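Since this is a predicted model, take the numbers as computed values, not measurements. Atom set for the values below is all heavy atoms of this structure, side chains included, hydrogens, waters and symmetry mates excluded.
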Amino acid sequence: MKKALLLMLACLIAATPAIAGAEAISLREAVNRALSGNHSIKAARYEQEAARQGAAASHGRYWPSVYFESGVSLSNTPSRVFMMKLDEARINPSSDFSAERLNHPSARGDFRSALAVEQPLWDRQIATVAELAAKDAEAAETSLEFNRETIAFRVYNAYLEVRTARAARDMSEHAVADAREHSRLAAVRENEGMGLKSDVLRSASELSEAEQRLVTAANDLLIARLRLNQVIGGPQGESIDITEEPRLAEPSQTSDALVSTAFKNRPELRAARKLLEKGELLVRQANNAYLPTLYAGATYQINDRDLPLGWDNDSWSLGINLRWEIFDGQRRSHDKRKAEFAHDAVAESFENARRDVALQVHEAVLRRQESKLRLASARQALDAAQEGVRLVGKRFANGLCTMVELMDAESTLNRARLNMVEMENNDLRSTAQIHYATGQFLQEVMR
């Protein structure tokens, strides 16, 4: 069984060279790579560009619209036939005004081509639509900022996970080395008649369990490095190692000051404000629907009896059109109420978001205080475990305790070491959480 486990461990290490040969990068470099390579940020950037194009397109409605159209029609309707002849300048006074020709004309075709221009002179809806598109572009920009902030925080957490996994792997290797030494000592003491068979069996079992934990720790480390590579947008299947212990500046503001900073900086709140402003514009748009519109138009057309784009005759027209919808079955009234209710809903959501942000900041501050206390407790536990191993080791060397007691003491020390790393990571994460809750995490990382 022992040989099988050793073989499995050797195969695992041989099959995952990325653990030993992974590229090592700093936290700032990892964040920089994520900002340019993470697919969520790329998607948000494309959405921002799409919104910008929509805003630019909305301003096109201020400019004149130019149309060209060409078509053919065939009819024996008296009025249509007469107008075709008139447009083609083919009216024959001697024959076309007879009662029989006017009332029962033969079927006739007409090729008509026209160039038309339409220019808005006064339409309040155009301005409102352009402002709405601008708000969408601003919201997309804040969404990109939110994605950048979130991905940077994910990179930081993934960086810490690699640190934890590497510490666990190192401790597992140390535990395997200790277990092998215990197994050797147990065999020597038994051969000398000073040890028990039970110690030999217990040490062998401890070694087997330590080797199994090492296999798991090696896998956990590889997965953590793969996850770090994925969040920064690296090539699929590659792994990234870390080079440093990430440290951020300790926030010195009070909780209330941190909440004020969060209200100012959090991208989600700025996006919510844009939605609130957009709701106000939608209410204005609903009110503008009651106003008239004024458009100018011009048309130049050519008509021909026989050929497309032919030129039997040409003509032009200019005009201004005022349109004012007087009655619509209360459609606009309901649209206005709908916009007002939607605005009120966004306002309530915005207030709820503010409260959530304030709670997140207060929670982050409390968790940071908690992490400091837990870290201090973990240090005391580690010191106690180290002293316990030293004392038990002396007693074991003098034959005053069993190997089981020594192995138990060393297991306690290994757990205390791993807990110490986790508490250190929690302390680092709690500081980062405050910066993230106040919307300043990316700024702090890139200092």
Side-chain angles (χ1 to χ4, degrees), residues 31 35 38 40-41 43-45 47-48 51-52 54-55 128 131-157 248-287 336-372 426 428-447:
V31 172
L35 295 180
N38 183 273
S40 296
I41 292 180
R45 191 174 291 119
E47 290 174 357
Q48 179 195 33
R52 285 178 176 174
T128 308
E131 291 182 58
L132 285 170
K135 292 301 176 185
D136 287 336
E138 293 171 3
E141 183 177 353
T142 57
S143 177
L144 174 60
E145 293 177 13
F146 173 73
N147 273 274
R148 287 165 57 88
E149 192 83 7
T150 300
I151 293 302
F153 189 60
R154 285 180 56 192
V155 169
Y156 185 85
N157 284 323
L248 298 177
E250 294 285 339
S252 57
Q253 296 174 295
T254 64
S255 294
D256 292 338
L258 290 172
V259 170
S260 299
T261 301
F263 285 165
K264 178 182 177 182
N265 294 331
R266 283 286 287 267
E268 309 98 301
L269 289 184
R270 282 188 278 127
R273 289 191 191 98
K274 299 302 177 185
L275 289 177
L276 188 60
E277 294 169 1
K278 184 177 179 180
E280 295 170 355
L281 288 173
L282 289 172
V283 173
R284 188 197 305 174
Q285 185 182 41
N287 288 324
K336 179 182 177 182
R337 295 297 303 276
K338 175 184 175 182
E340 290 171 345
F341 284 130
H343 171 266
D344 292 341
V346 173
E348 294 298 330
S349 297
F350 176 66
E351 180 59 27
N352 187 64
R354 282 171 53 89
R355 291 171 178 265
D356 282 344
V357 166
L359 177 60
Q360 291 170 18
V361 172
H362 287 301
E363 180 181 2
V365 171
L366 290 174
R367 294 302 182 191
R368 178 166 169 263
Q369 295 171 356
E370 175 188 337
S371 69
K372 296 294 183 185
N426 285 341
L428 295 171
R429 189 178 290 109
S430 66
T431 300
Q433 186 68 50
I434 292 180
H435 291 303
Y436 181 69
T438 55
Q440 302 180 104
F441 179 78
L442 183 58
Q443 174 185 337
E444 289 296 326
V445 169
M446 303 308 292
R447 277 187 177 180

Output for pair (Ile151 CD1, Phe441 CZ), nearest 0.5 Å, gives 11.5 Å
Residue set satisfying salt bridge (charged side-chain N to carboxylate O under 4.0 Å, His left out) with Glu141, at least two apart, ordered chain then number -> none
Correct closest heavy-atom pair for Gly439 and Asn265 would be O-CB, 3.8 Å
Review point. Between Thr438 and Ile434, is there a donor-acceptor pair closer than 3.5 Å when you use the side chain of the first and the backbone of the second?
Key: yes
I'd like to know if Glu277 and Arg273 make a salt bridge, using a cut-off of under 4.0 Å between side-chain N and carboxylate O. no
In Val31, Val445, Asn38, the residue satisfying side chain to side chain contact (heavy atoms under 4.5 Å, CB included) with Val155 is Val31
Practice prompt. Give a yes or no on whether the backbone of Asn147 and the side-chain of Thr150 come within a donor-acceptor separation of less than 3.5 Å.
Written response: no
Between the CD atom in Glu280 and the CD atom in Glu131, the distance rounded to the nearest 0.5 Å is 11.0 Å
Keeping Glu47 on the side-chain end and Ala140 on the backbone end, is there a donor-acceptor pair under 3.5 Å? no
Mind checking whether Gln253 and Ser260 have side chains closer than 4.5 Å, heavy atoms only? no
(message) Atom CZ of residue position Arg270 - does it have more than 12 heavy atoms of other residues, nucleotides or ligands inside 6.0 Å?
(response) yes
Tell me whether the rings of Tyr436 and Phe153 are parallel (<30°), tilted (30 to 60°) or perpendicular (>60°). parallel
Ala137 and Ala55 have their tightest heavy-atom pair at CB-CB, 4.3 Å
d(Thr128 OG1, Leu282 CG) to nearest 0.5 Å is 9.5 Å
Note: Leu428 and Tyr156 closest approach over all heavy atoms is O-OH, 3.1 Å
Between Val357 and Ala437 the two heavy atoms that sit nearest each other are CG1-O, 4.3 Å
Exercise for the section: Taking only Lys NZ, Arg NE, NH1 and NH2, and the carboxylate oxygens of Asp or Glu, determine whether Glu138 and Lys135 approach each other closer than 4.0 Å. Expected result: yes
Taken in chain and number order and not counting sequence neighbours, the residues that satisfy side-chain contact (heavy atoms from CB on, under 4.5 Å) with Ser252 are none
Interatomic distance, CZ@Arg148 vs CD@Glu145, rounded to 0.5 Å, equals 8.0 Å
- Would a 4.5 Å heavy-atom cut-off, applied to side chains only, mark Ile41 and Leu144 as touching? yes
Sorted by chain and number, sequence neighbours left out, side-chain contact (heavy atoms from CB on, under 4.5 Å) with Asn426 holds for Met423, Arg429
For residues 257-267, the salt bridge (charged side-chain N to carboxylate O under 4.0 Å, His left out) pairs (sequence neighbours left out) are Arg266-Glu268
In the structure I gave you, are the side-chain heavy atoms of Leu35 and Leu442 within less than 4.5 Å of one another anywhere?
yes
Hits for side-chain contact (heavy atoms from CB on, under 4.5 Å) against Glu340, two or more places apart or cross-chain, chain-then-number order -> Val283, Lys336, Arg337
Exercise. May I ask you to decide if Ala249's main-chain N or O and His435's side chain share a donor-acceptor pair within less than 3.5 Å?
Key: yes
Does the side chain of Gln369 reach to within under 4.5 Å of the side chain of Leu366, using non-hydrogen atoms? yes
When rounded to the nearest 0.5 Å, the distance separating OG of Ser371 from CD of Gln433 is 11.0 Å
Across all chains, not counting sequence neighbours, the side-chain contact (heavy atoms from CB on, under 4.5 Å) partners of Ala272 are Phe350
Heavy-atom closest pair (Ala262 atom, Val361 atom, distance to 0.1 Å) is CB-CG2, 3.8 Å
d(Lys372 NZ, Ser430 OG) to nearest 0.5 Å is 6.0 Å
